[in-house]
Amino acid sequence: MILQEENALIFKKGNETLRIEAWGKDALRVRATMEPAFTGNCWGLTEKPAKVKVKIDINQTGGCIENGKIKACISGNGVISIFKDGERILHEYFRAYDPQASKETCCTKIVAREWKGLRGGYDYKLTVRFEPNDGEKLYGMGQYQMPYLDVKGCQLELAQRNGQISVPFAVSSLGYGFMWNNPGVGRASFGKNMTEWLCESTKEMDYWVVAGDTPAEIVEKYTSVVGRAPVLTDDYLGFWQCKLRYRTQEEVLTVARKYKEMGIHLDVIVIDFFHWIRQGDWGFDPEYWPDPKAMCDELHAMGTKVMISIWPSVDKKSVHYYDMLDKGLLVRTERGTNQTYDFMGDCITFDATNPEARKYIWEVAKKNYVDYGIDMFWLDNAEPDYNIYDWENYRYHMGPALACTNIYPKCYNQAFYEGMVEMGKKSIVNLTRSGWFGSQKYGAVLWNGDVQSTWECLQDSIAQGISMGLSGFPWWNTDIGGFMYGNPEDPDFVELLERWAQFAVFSPIMRLHGDRDPHDTPPLCKDPQQDYGGGYLYTGRPNEIWSYGEKAQEILEAQIKLRQSLVPYISKLSKEAAKTGAPVMRAMFYEFPEDEKCWDLCDQYMFGSDYLVAPVLKAGMKTRKVYLPAGKWTDIRDGKDYDGGQTVEVATPIENIPVFKKN
């Protein structure tokens, strides 16, 4: 049965109800359920936008709904086809008997929407299949630890991990965007023979499709329904200093004072983990941080903001553990021990999907950090990080982790954003290790996780930053030099650090961070076996720009000055991102969609619309090739002009990387 309900097309057959409705400009939301009614969850979408004019046609063979550039049709057997300007862009994969088809294809008995009830529960394992489009390229989908920009041919886990950010929105070279609007654990497979979306546990199918003539148009329409990042003011756009880890108040101040003496402005200085006594205390260990207010006052006088690390793990010895346990504010386990995390403690994760838990953690953080002058939070382990990513064993206030865990980092960020809004803070920026649809509207700045200090990880970072931008996150960054295993005494690592810093100048955020080898554990405390505060946990070697030798310091100083000179330009990009959702770090095809070569480039990118950036991604490189699209280009290093529409080979001295300004 096919019928119309206001601006929606409804199909019912057996126990399944399918609903297709306009949701934004040139866009359709498609939902299906085997239950008597839909849940009403918007998930990653904002509340229903204003009504648009649609055309609905129902006849004996099926029905169609049209919203501007996009149109969806349902056959009499419930198979969906979606069209952009009359051209088919999506068609469900159906290999069962269809009386409406020109011929029977019933032998394999594969259906487009496969519902498998989970034993003993109300949810289903859902698989949704589409026919592939030959020659199509797909981009976005969040962040994965791989060098591929085009994800066609890839199989991607829909789950959050350290370094993996699941934001299942894909931009197609055929002129559409597809959003899998489901926070459950699953998989997206973009095979040559079939496209398949799978969710391990859900009550309904929910996806959103938008049509657009350019990637920029698609991203603008997409971010209009999931939310956009607020403007980052100029005082966040320069240089951020961080390391694993500053253990004392005096250590932080010593570093900041030296930068000031050198004439280098720090926008942000970061205090990393284990400044607390126990995980879940969410406060300074007074033995090593005796006067945090005085520390913040001095740093603020330098014009430097102070960021503090927050973890969602609560040690059973924490002062808040039993209170939170009694109030039901912690993640539950379905079987076995209730431990969810065991790094330096016996911990359980706080339940960010519970509004009361969000309120609780914010009130503690405000009292123990904000009231001293802390400006920003580093919401680390935001996936959340678990001992084992066994989602079947965890349950949230919102439901089983299998059905909703991907929304956790968004809720985590929401807790701090809403708390800051309530206290009247205007400019809200928090560094977060994971995200989902809508995290960006809560002031989230993401990074690519605890990656290794290798050239391969630097190479992967290019695709990751571009992909996150296409996924709706303009503010993203990396640990300059990578996080793990970099040794300041190793000249090969120093070269990598220098090249990484040159890339970071033309990243949305420039942040120096890392755990430098070998670890240094001076006995700051009398009894390290009992002390989990500033003196107990290991720390990496120094990670300031003077830590790598005179030549490296000279190069790094020059990069910071270059970054500072770009702040007015990045400020314009910030306003553009807030207005249209435009990425700061952009795929070449985003700016030059008519140039076929740009759709295949993954080792260079546009920084806004003006700068073409070609990072050095291998050790010892003396030159590299750069493709210049049509137009006039100037190498910012020497002022030499080039005609576009060609590939040029340019020098790559250790002091800089090729960057061209569009004339």
Side-chain angles (χ1 to χ4, degrees), residues 229-243 245-246 248-272 275 284 289-310 365-366 369-378 416-417 420 423-431 443-445 447 475 477 479-480 501 504-513 542-547 553-554 556-575 577-578 584:
V231 172
L232 257 67
T233 52
D234 293 5
D235 45 350
Y236 296 99
L237 302 180
F239 176 58
W240 297 20
Q241 173 64 47
C242 185
K243 66 161 283 187
R245 63 190 173 97
Y246 297 125
T248 69
Q249 176 177 321
E250 189 58 31
E251 189 177 2
V252 169
L253 291 172
T254 298
V255 168
R257 289 164 185 160
K258 184 164 183 177
Y259 272 114
K260 183 180 180 182
E261 290 172 4
M262 295 170 63
I264 295 176
H265 178 69
L266 293 182
D267 276 18
V268 178
I269 194 164
V270 185
I271 299 169
D272 204 345
H275 58 269
F284 288 103
W289 308 85
D291 194 348
K293 185 179 186 305
M295 175 187 70
C296 290
D297 287 347
E298 182 174 343
L299 291 167
H300 290 159
M302 300 179 192
T304 298
K305 296 185 184 297
V306 191
M307 175 182 282
I308 198 80
S309 173
I310 285 274
K366 181 180 183 302
Y369 295 124
V370 177
D371 289 353
Y372 289 126
I374 295 297
D375 304 285
M376 311 160 62
F377 289 93
W378 181 358
F416 289 81
Y417 180 85
M420 290 176 166
M423 64 179 287
K425 190 173 175 64
K426 300 298 183 184
S427 182
I428 300 173
V429 179
N430 292 310
L431 185 65
V445 172
W447 90 101
W475 301 110
N477 68 114
D479 298 345
I480 293 176
V505 170
F506 294 92
S507 297
I509 296 293
M510 184 182 186
R511 182 176 59 91
L512 180 59
H513 181 55
N543 187 50
E544 294 71 41
I545 65 170
W546 54 82
S547 307
Q553 179 178 334
E554 181 182 329
L556 295 173
E557 280 193 64
Q559 298 310 307
I560 294 171
K561 291 177 181 177
L562 175 57
R563 174 71 182 200
Q564 199 64 43
S565 72
L566 290 168
V567 166
Y569 172 71
I570 303 171
S571 181
K572 293 179 182 178
L573 299 182
S574 176
K575 296 178 178 67
V584 174

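Only heavy atoms go into these numbers, but all of them, side chains included; no hydrogens, no water, no symmetry mates.
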Subject >> From Leu512, Ile480, Ile545, residue fulfilling side chain to side chain contact (heavy atoms under 4.5 Å, CB included) relative to Leu556 >> reply: Ile545
Original post:
With distance as the sole test, does Gln241 use its side chain to make a donor-acceptor pair with the main-chain N or O of Asn543 at under 3.5 Å?
Top reply: yes
Subject >> Residues which pass salt bridge (charged side-chain N to carboxylate O under 4.0 Å, His left out) with Lys293, listed by chain and number, not counting sequence neighbours >> reply: Asp297
**OP:** Count the heavy atoms belonging to other residues, nucleotides or ligands that lie under 6.0 Å from OH of Tyr372, then report whether that count exceeds 12.
**Re:** no
Subject >> Candidate list Lys425, His300, Lys305, test side-chain hydrogen bond (donor to acceptor under 3.5 Å, both in side chains), partner Asp375, passing option >> reply: His300
Subject >> Within-4.5 Å side-chain heavy-atom neighbours: Val255 and Trp546 >> reply: yes
**OP:** Return the set of residues passing side chain to side chain donor-acceptor pair (under 3.5 Å) with Lys575 (not counting sequence neighbours), or none when no residue passes.
**Re:** Ser571
Subject >> Donor-acceptor contact present, side-chain Gln249 to main-chain Asp291, <3.5 Å >> reply: yes
**OP:** Report yes if the side chains of Met295 and Leu253 come closer than 4.5 Å at any heavy-atom pair, otherwise no.
**Re:** yes
Original post:
Which value, rounded to the nearest 0.5 Å, describes the distance between Leu237 atom CG and Met510 atom CE?
Top reply: 13.0 Å
Original post:
What residue among Phe239, Trp378, Trp447 forms ring-ring contact (aromatic ring centres under 6.0 Å, His included) with His513?
Top reply: Trp378
Original post:
Considering the options Asp267, Asn477, Val268, which one meets the side chain to side chain contact (heavy atoms under 4.5 Å, CB included) requirement together with Arg511?
Top reply: Asn477
Original post:
Does any non-hydrogen side-chain atom of Trp289 lie less than 4.5 Å from one of Ile271?
Top reply: yes
**OP:** Using the six-membered ring wherever Trp is involved, compare the ring planes of Phe284 and Tyr369 and label them parallel, tilted or perpendicular (cut-offs 30° and 60°).
**Re:** perpendicular
Subject >> Sidechain N-carboxylate O distance under 4.0 Å for Arg245, Glu251 >> reply: no
